[in-house]
Structures are given as C-alpha cells and as structure tokens.
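Reading through the structure tokens given below for one structure.
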Amino acid sequence: MQVDPRHRFDNFIVGSANRLAVAAARAVAESPGAVYNPLFIYSSSGLGKTHLMGAIGNHAIGRGANLDIEYVSLDDFVEQLSAAIASGEGERFKQRYQRVDVLLIDDMQFLTGRRETQTELLRLLNAMQGSGRQIVMSSDRPPAEIADVDERLITRLAGGLIVDIGTPDFETRIAIMRAKCEERGVKFWPGVIEELGRLEFRNVRELQGALNRLIAFQTLGGEQIKPEDVLTVLGDLPEAKSASRDQTSAPKVNEFQSFLTDIASAVAQHVESWKARVAEAIAYWTGEGYRTHQLERLLQESAPPANWEAILRGFGATVERLKALEQQATDVDAALGGNEVFRDPERLRDAEILLDRALAGATPPPGPSSAFTRQGFEVSSSNQLAVRAADDIVAEPGKRYSPLFIHGPSGVGKTHLMNAIGNELVDGSGGASAVACVSAQVFMDELIEAMQEGTVERWRARYRSADALLIDDVQFVAGKERTQEELFHVFNALHSEGKQLVFCSDRPPRDLDGLEDRLRSRFEGGLVVEMQSPDRALRERLYARYLAATEHEPGAELLSYLAERPAASVREIIGTVNRLVAAADVAGAPLTLAVARGELDPETSSAGRPATPLAVRAAADTFFLDDEKIVWEWTDPSTRLMEELK
C-alpha cells in the first residue's frame, strides 16, 4: 500500500505536544535506517500518528533516493501473512518484505495474542535492522502496555526510539485551525478561531469537526459568525457545554434566547429550505470525496427549479453507480482504485469506458517511475555501453537491441536506467505509448492472483497490449515454471509485433540457474550488456552531485579523496554521503577533508599519536578480552627468569 500523498511535514502543525515526535520522524525521513531504528510512535486516536508516518514516507520519496517504501496497517499485514501461509507462499511473503527499504506499520496495538505474527515481525525486524533498513511503527499505547506480546519483540522496540504525541495545546490548536481555514479559503471574524481554540478537544479530529460545523453554519446562514456565537453554534458538544458552565448563567440565558431568535430570523430571511437541502448535499458528497459542480450550479439559481429534488436523487444514484464501477475496476486492477473519473458524477460515461477497457485487458500494467530520468543518470566507462544501448533503443524502439538485457551487481543503477528508458519512450511518443515497467516479483504476484481468480486471459491481454515491456530483477523468475511459461508467451507476442523488451538482472542469462533454455536463448538473442561498480570518475561525479544536494559544498580535495575510495555500488556512495553529513552536523562544522578522514579512516587520521592505556583497552575490547588477559607492559624476560630460579 502506498503512503497518502496528502500526508507531508509541511502541512503537519508542530507544537509542544508533538515536537519530539516530529523531530525524530524528520531525522528518520532524512536518513532511513541510520538513526532511531525502529521508531515507535504512540498516542491516542486522532492526534496525527498516521499523518506523521505518511510524512516520513513522502519525504523519503521526495529526496530522490531509490527506496522501496511500504505502508501497511497491522490488520493488512496479518491478512497477507495468513493468505501466504494458506496458499503455501510463506517464503514469497518473506521475500517481498525483505526488499522493502522503509516499512511503516500502523495500529500495532492489535498485535495482542497474535503469536505467529509476532514471530514474523521479530524476524523481519532483525533482518531490516541488520541490513540498515528503516522500520517505523505506531500504536495507541506504548509497547510495554500492549498485552500478550513476546518479550523479545518488546526489547527490540525499546532499543530504538519510542516517542508519544500528546493532546495539542492552545497555540497548536489555533495554528491547526488557521491552516485549515487557509487551505479551504475560509475567513472568520477576528477572535472566532481563538474562541474555538479555547475549547479543549480530545484530539485533532474532533477539533476539525467543530471547525467544519462553524464553516457550514456561516456558509448556510450567509452571515459572519462572531466570537460570542461560537459556544451557541457548538452548544451540543461536550466541550462547548463544559465551557458554558464556566460562564455566569444569569445574563447568558437572555443572550442565548436572543441569539437563537436572531439566527432563526436570519435563516428564514436568507436561506430557503430548498437551498438548505442542496447545501447539505454538497457538504455531504464533498466530504465523501466526490465533485459537486452540478449541485453547486443548482445552488446559484435564484428560484428553485421544478425538478430540484429529482436532481438531488439523480446525483445520489449516479454516485452509487460510480461506486459500483470503481469496485469492479479495482477487482480487475487495484491501480485503478481512486481514479479521478470515479469521483466525478459528470464523467460517468468516462468511468464506464475505463471499466470496459479494464475488463477487456486494455489497461496496461504500471508504467515507469517518473523519479528516474535520463538526465539524472551519470555516465562513465563503467556503464557507458549500457547507456549507449539505452539511447539507441529510445531513438528507434523495437528495431535495435530488442531485447536489451542489462546485468550487474546490486546498486549500480540498473533500475534507474530501465525506468529512464521507459520515461523516454513515453515522452518520445507524446504520452501515447503504453510502457509496462514492473519488477519480476510484481509480474509473478499478478500472475498468481490471476490464477486464483480465474482471470489469466485478462492478465495476458494487459501485458500484450503494452507497447514496451520492461522487467526488473528478472533473475527471480528462475525456477518458477509457470511464470517462465507465461513470460515466454508474452515475450513472443510482443517481439513478433516489433515492440521493445528490456530486462535487468544481477547476473547474465548464462549464469541464471533454473532459467529455461528457451528463455535464456531469447535473452541472449538481443544485446546483453554489463553495468559495473562505479569507477573513479563516476564516483567523483556522484559524490559531487549528492553532496551538492546537502548544505555542505564539497571541495576539490574532499572529492578527490572520496573518489579514490572503492565503492561497490551507488547505494554505498549515498550511504557514505549520509554518514559524512551526519558527522559534520554532529560536530557543528563544515564537511572538510579532515572531517571525512576522521569519520572514514579514524586509524589513519590518528596515526603518529602515542598509544595510551585507554586506547589499548579499547582495542582489546573489540576482541572481547577480559581485563585479566590484557598485558599492559612486558617486562624483561631474562630478569623475570632469574627471579623465578632464585
């Protein structure tokens, strides 16, 4: 499940009750796996845990790093685990989460009593921590208060960072409401927001609900709400009742009755009953996420149309039809869920066409990630041949080097280059080309799901309708007989039509054990190119690029020093950059050659200094020696022998 793009740090209001949690979340988003791993966030419902977790994922994605980020609720995690075990795909389930770089798990409080899930989480947590990948969890209570949980899991959670989010204070409530009003283009009389902020709501959701009521009342009544009207409008809320009891009751009774009379009069004068009904419908359907342009135009009429009630009923019926269409489309292709055509009743026909295409298999698989561009790919002698081949097939898709088979160790940029090819193919056609760009795991998962649902023919049609097929990590199809059979037929269908095929793997085709000869021969029938670990020139350019994206401007000496250090992959270079930037930030100094040497080569940087007993002991501790086994000084052996013989 992808994180909600609306959850970002820039629209999360920070106050005294959540400052520590936000700071920790930002640190994790900046350097996943490097600090606070795992991060555990807890609070009562409605205080922003899910928003903060989504912000971590979106910020990490926005930094441009090639990260696989997964957000999942614990209930969904349990369902996936149960389904995998029931279908004998437990190992595939483990492999899926082993590839995730940042795992966000919500609602951990439901872990109680689920021993099998706890065991799997413990194994997953150990694996992710051991490989430097980030895990973030949230709950409505701290780990120690979640009943019936394995003590080993509690201990590992406590080894990271556990932070809580409290109820927002007055200033934070004011900031939240002002941000919401600005977002919705609503303006109140001075003092209205402050009056509402004076009420102590249990969570942000209840606060937003009260604000929505004020907005609706002001919009419906046609007159500005004043500060003294707030408690009356919210009179049935517990918070408003509590605030009212704190005020003197004698004069307020008359004021309250007078205000009700004024409001009733204003509503009678300015709002006709039919407009009130339409406004309520607009507010309801907008809250449900549907566009209401049709009803808004109705509200602009000076007199009620003769069929205004039929229009309201028809609008509701159209929405129900859209819901049904969206459900059908989602059953065919989960990626179609949430498509904008299913949110606009005036585009009902477009929604029906989209569903028809999906049912006919005309909806291609996911396309390339826009985060990977050809302009952003650095070239050197270690990857030059692969890049030139990529540029050639972009110039003439399907005519040169189809298939193109790119192989090389993990982290050298194969995925980046493959997605860049896909984006160039889409751009070169003006968006007309349907480019399918998936990992081998996604390819297999979709096939398994299609087999379970009896929709294999539809699945085949989806892939065969693509103008280009790009598959990453194709080494994972080795040993999977049914997947190889389907890939063989899809390959033949696309290749015979002159469409472009690109595959990436960590090994060349001849070294893929378990790969059928018919697929191996087809892979080798195109162009097989290797991408090697970054050479010195590429390392220097990459260090310059990634450091330039930070607040630290690298000098020539620093870049030369870093470029001389071997690096197996681009990911290793990114990790080194993060490590150096963190060291410089901790030291409160600019990133210089001396700082880099001290962080990356501490032994070399301290060469020439006399060894101290403390240093000797530190060295001894690395070998787990006891104090009794450490020799601090070695006396003259001849003298010692004479003493023993006396």
Side-chain angles (χ1 to χ4, degrees), residues 1-15 17-43 47-73 97 99-108 128-129 131-139 160-165 168 172 175-176 179-180 182-183 204 338 369-373 376 415-416 419 545-552 570-571 573-586:
M1 184 186 300
Q2 300 298 318
V3 293
D4 191 331
R6 296 172 297 179
H7 294 161
R8 308 183 306 276
F9 283 119
D10 59 9
N11 63 2
F12 189 91
I13 304 300
V14 182
N18 60 22
R19 185 170 287 110
L20 178 59
V22 174
R26 277 190 176 276
V28 165
E30 291 286 341
S31 302
V35 294
Y36 313 139
N37 193 17
L39 174 62
F40 194 99
I41 306 170
Y42 72 92
S43 75
L47 292 178
K49 301 186 299 296
T50 301
H51 187 142
L52 203 53
M53 293 180 72
I56 292 173
N58 285 314
H59 188 81
I61 293 171
R63 286 176 56 81
N66 183 20
L67 297 177
D68 186 353
I69 298 174
E70 182 85 14
Y71 168 83
V72 63
S73 68
Y97 280 98
R99 293 192 301 274
V100 176
D101 297 299
V102 180
L103 178 59
L104 310 166
I105 305 182
D106 208 355
D107 294 328
M108 287 290 291
M128 295 192 72
Q129 283 182 308
S131 58
R133 291 172 293 150
Q134 183 69 49
I135 185 165
V136 182
M137 304 178 183
S138 74
S139 172
L161 178 65
I162 300 175
V163 292
D164 71 312
I165 301 176
T172 307
I176 291 172
K180 291 296 180 183
E182 183 177 350
E183 180 183 316
V204 177
S369 170
S370 59
F372 300 108
T373 64
T415 300
H416 187 146
N419 280 269
R545 176 181 173 186
Y546 292 128
L547 284 171
T550 69
E551 299 177 355
H552 301 273
V570 179
R571 294 193 187 104
I573 291 175
I574 295 173
T576 301
V577 169
N578 291 335
R579 180 179 171 185
L580 293 177
V581 170
D585 290 343
V586 169

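In this chain, residues are counted from 1 in sequence order.
Pairing each heavy atom of A21 with each of I165, the nearest pair is CB-CG1, 3.8 Å.
Within the 4.5 Å cutoff, no side-chain heavy atoms of N578 are placed close to those of Y546. When side chains are defined from C-beta on, V22 counts as touching L52, because their heavy atoms get closer than 4.5 Å. Between V163 and L39, the closest side-chain pair of non-hydrogen atoms falls below 4.5 Å. Considering only heavy atoms from C-beta on, K49 stays 4.5 Å or farther from L47 through its side chain. Side-chain atoms of M128 and Y97, non-hydrogen and from C-beta on, never get closer than 4.5 Å to each other.
Here the side chain of H416 pairs a donor or acceptor atom with the backbone of T373 at under 3.5 angstrom. At distances below 3.5 Å, at least one donor-acceptor pair connects side-chain atoms of T550 with backbone N or O atoms of L547. Side chain of N37 to main chain of R133: a donor-acceptor pair is present (N/O by atom type, distance under 3.5 Å, no hydrogens or angles). Listed for the R545 side chain is a donor-acceptor partner under 3.5 Å among the backbone atoms of G376. Counting only distance, with no hydrogens or angles, the side chain of N58 and the backbone of H7 share a donor-acceptor pair below 3.5 Å. Checking side-chain atoms of D101 against main-chain N and O of I69 turns up no donor-acceptor pair under 3.5 Å. Judged purely by atom type and a 3.5 angstrom limit, N11 uses its side chain to pair as donor or acceptor with the backbone of R6.
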Between I105 and V136, is a side-chain contact (heavy atoms from CB on, under 4.5 Å) present by the stated rule, with each step listed? CA-CA 6 Å; I105 305 182; V136 182; over 6 Å; no
side-chain contact (heavy atoms from CB on, under 4.5 Å) between I61 and L67: does it pass, once the steps are laid out? CA-CA 7 Å; I61 293 171; L67 297 177; over 6 Å; no
Show, in sequence, the C-alpha distance, side-chain angles and deciding distance for D106 and S138, and conclude whether the side chain to side chain donor-acceptor pair (under 3.5 Å) test is met. CA-CA 5 Å; D106 208 355; S138 74; 2.2 Å; yes
What's the verdict on side-chain contact (heavy atoms from CB on, under 4.5 Å) for N18 and F12, showing C-alpha distance, side-chain angles and the deciding distance? CA-CA 10 Å; N18 60 22; F12 189 91; 3.5 Å; yes
Pair V102-D68, side-chain contact (heavy atoms from CB on, under 4.5 Å): steps then yes or no: CA-CA 7 Å; V102 180; D68 186 353; over 6 Å; no
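From E70, atom CD reaches atom CZ of R99 across 10.5 Å, with rounding to the nearest 0.5 Å. Q134 CD to S31 OG: the interatomic distance, rounded to the nearest 0.5 Å, is 9.5 Å. In this structure, the separation between CD on E30 and CG on D585 is 9.5 Å, given to the nearest 0.5 Å. Note that NE2 of H59 is 6.0 Å distant from CZ of R26, once rounded to the nearest 0.5 Å. Considering CG of L20 and CD1 of I162, their distance stands at 12.0 Å, rounded to 0.5 Å. In this structure, the separation between CG on N419 and OG on S369 is 5.5 Å, given to the nearest 0.5 Å.
No option in V100, D107, L104, L103 other than L103 meets the side-chain contact (heavy atoms from CB on, under 4.5 Å) test with V72.
Remark: the S43 side chain and the D164 side chain contain no N/O donor-acceptor pair separated by less than 3.5 Å.
Under a cut-off of 6.0 angstrom, the local environment of OH in Y36 is sparse, with at most 12 non-hydrogen atoms contributed by other residues, nucleotides or ligands.
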